[in-house]
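Whatever order the structure lists them in is the order used to number ligands and atoms, beginning at 1.
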Amino acid sequence: MTTLDLPAAPRAADRLPHYDRVQRAFHWSMAAVIIAAMLIGLYCAYQPPGQATRRFLLEWHKSLGMTALVLVVLRIAYRVAVAAPPYAERMSRLNHAAAAGAHLGLYALMLLMPLTGYWNSAAGGYSLPFFWLFQWPRVLPIDKASSRVGEELHLWGAWAIYAVVGVHVAAVAWHHLVKRDSVLSRMLPGIR
Ligand code: HEM
Ligand code: HEM
């Protein structure tokens, strides 16, 4: 085999546009943390208050939620500095607007959920753990009425995040399995 028979190495210009390494790391680590927090939160919602397993799982839930808060602040700063890549295929204005709206909604909920969770626990005088390593500072005065407002917003936000994440994952599956375009590959390492 001569060197002429060797397949050409992929050039950067041949790759489909995709989110950079840092954006992908933020996306997949946060997707895992948030889905885990949502599943634990949902399970705890069906356990009686004060029950030992619920208390234990809520420590995990709060720790994962506070991890998401730290990550989303860094992620938003990075996203402001580095734009999303262009789409490889032509897409209707409606499709662009729907994707932008859903992404904005996801960013809003990624902030709202940990902030209202923190509000509920901090104002309620409950624990604010980070994986049994330390407690987060309580920056709100203990006030049960205020805690209930945080709780109510957290519970409404839970419905919103179930819906928006559900639509987001369904939309990606539709692009990949029905339209067979390159939307999923935007969030994967660059492929030709
Ligand atoms: C990305 C972050 C978060 C997500 C997605 C999330 C999601 C959820 C969900 C889905 C539930 C169950 C709601 C229900 O159906 O009843 C829940 C409950 C709860 N979450 Fe979070 N949460 C997050 C962060 C936090 C944080 C940071 C804290 C506290 C520091 C927290 C404290 C709680 C508590 C105490 C409950 C139980 C509320 C109750 O049953 O009254 N969450 N959360
Ligand atoms: C297994 C589940 C998931 C899959 C397969 C997935 C896949 C994707 C893909 C392919 C994109 C690029 C879409 C485009 O360019 O139009 C994307 C973007 C995005 N995803 Fe997900 N995702 C998942 C879960 C999540 C979760 C749980 C969240 C947060 C709660 C999330 C938040 C986002 C955000 C905010 C963007 C926009 C990123 C930006 O433009 O900065 N994703 N996702």
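For atom 4 (C) of ligand 1, the nearest protein heavy atom (residue, atom name, distance) is M113 CB, 3.8 Å. With hydrogens left out, the protein atom closest to atom 2 (C) of ligand 2 is V169 CG2, 3.6 Å, a heavy atom. The closest protein non-hydrogen atom to atom 5 (C) of ligand 1 is M38 CG, 3.8 Å. Atom 11 (C) of ligand 1 has G41 CA, 3.6 Å as its closest protein atom, hydrogens excluded (heavy atom only). When only non-hydrogen protein atoms are considered, atom 15 (O) of ligand 2 lies nearest to R186 NE, 2.4 Å. For atom 12 (C) of ligand 2, the closest non-hydrogen atom of the protein is Y19 CE1, 3.8 Å. The nearest protein atom to atom 35 (C) of ligand 1, hydrogens excluded, is given as N120 ND2, 3.8 Å; this is a heavy-atom distance. For atom 39 (C) of ligand 2, the nearest protein heavy atom (residue, atom name, distance) is R79 NE, 3.2 Å. Nearest protein neighbour of atom 26 (C) of ligand 2, counting heavy atoms only, is A31 CB, 4.0 Å. H103 CD2, 3.8 Å is the protein heavy atom nearest to atom 36 (C) of ligand 2. Nearest to atom 34 (C) of ligand 1 among the protein's heavy atoms is L58 CD2, 3.9 Å. The protein heavy atom nearest to atom 32 (C) of ligand 2 is L106 CD1, 3.5 Å. Y87 OH, 2.4 Å is the protein heavy atom nearest to atom 16 (O) of ligand 2. Ranking protein heavy atoms by distance to atom 13 (C) of ligand 1, first place goes to L155 CD2, 3.6 Å.
Residue H154 has at least one nitrogen or oxygen atom sitting less than 3.5 Å from a nitrogen or oxygen atom of ligand 1, judged on distance alone. Note: an N/O pair closer than 3.5 Å links E151 and ligand 1 by distance alone. On a distance-only criterion, H61 and ligand 1 share at least one N/O pair closer than 3.5 Å.
Residue Y118 holds its OH atom at 14.0 Å from NE2 of H154, rounded to the nearest 0.5 Å. Considering OG of S121 and NZ of K62, their distance stands at 3.5 Å, rounded to 0.5 Å.
Of all the atoms in ligand 1, the ones that sit under 4.0 Å from a non-hydrogen atom of P114 are 1 (C), 2 (C), 24 (C), 27 (C). Set against the non-hydrogen atoms of V172, the atoms of ligand 2 under 4.0 Å away are 7 (C), 8 (C), 9 (C), 10 (C). If you number the atoms of ligand 1 from 1 as listed, the ones under 4.0 Å from a heavy atom of G65 come out as 2 (C), 24 (C), 27 (C). Listed by number with element, the atoms of ligand 2 under 4.0 Å from a non-hydrogen atom of L184 are 10 (C).
For the pair P85/Y19, a side-chain contact is recorded, criterion being any heavy-atom separation below 4.5 Å from C-beta on. Counting only heavy atoms from C-beta outward, the side chains of Y87 and R186 approach each other to under 4.5 Å. Between H176 and V183 there is no side-chain heavy-atom pair separated by less than 4.5 Å. Put simply, the side chain of I161 reaches to within 4.5 Å of the side chain of I34, judged on heavy atoms. Side-chain contact between T116 and N120: absent, with no pair of heavy atoms (C-beta onward) separated by less than 4.5 Å. Using a 4.5 Å cut-off on side-chain heavy atoms (C-beta onward), Y78 and D20 make contact. Within the 4.5 Å cutoff, the side chain of R75 has heavy atoms near those of the M110 side chain. Proximity of M66 to V70: side-chain heavy atoms (C-beta onward) are nowhere separated by under 4.5 Å.
In summary, the side chains of H175 and D181 do present a donor paired with an acceptor at a separation below 3.5 Å, with no hydrogens or angles considered. Under the 3.5 Å distance criterion, with hydrogens and angles disregarded, a donor-acceptor pair is assigned to the side chains of W119 and S146. For the residue pair E59/S127, the side-chain donor-acceptor check at 3.5 Å is satisfied. In the model, S182 has a side-chain atom that pairs as donor or acceptor with a side-chain atom of E89 under 3.5 Å.
Residue contacts with ligand 1 include R54, since one of its heavy atoms falls under 4.0 Å from the ligand. In this structure, R75 has a heavy atom closer than 4.0 Å to ligand 2. Residue contacts with ligand 1 leave out Y126, since none of its heavy atoms falls under 4.0 Å from the ligand.
If you look at Y162 next to ligand 1, the close heavy atoms, those under 4.0 Å, all belong to the side chain. Within the 4.0 Å heavy-atom criterion, the part of W28 lying near ligand 2 is the side chain and not the backbone.
The environment of H27 atom NE2 is dense: over 12 non-hydrogen atoms of other residues, nucleotides or ligands sit within 6.0 angstrom.
Stacking of K144 on the aromatic ring of Y126 is recorded, both the 6.0 Å distance cut-off and the 45° axial limit being met.
The option with the heavy atom closest to atom 14 (C) of ligand 1, from among A45, C44, P129, is A45. With atom 30 (C) of ligand 2 as the reference point, the heavy atom nearest to it among I35, V165, V82 is part of V165.
Of all N, O or S atoms in H27, the one lying closest to atom 21 (Fe) of ligand 2 is NE2. Closest N/O/S atom of H168 to atom 21 (Fe) of ligand 2: NE2.
Residues F56 and W132 bring their aromatic ring centres within 6.0 Å.
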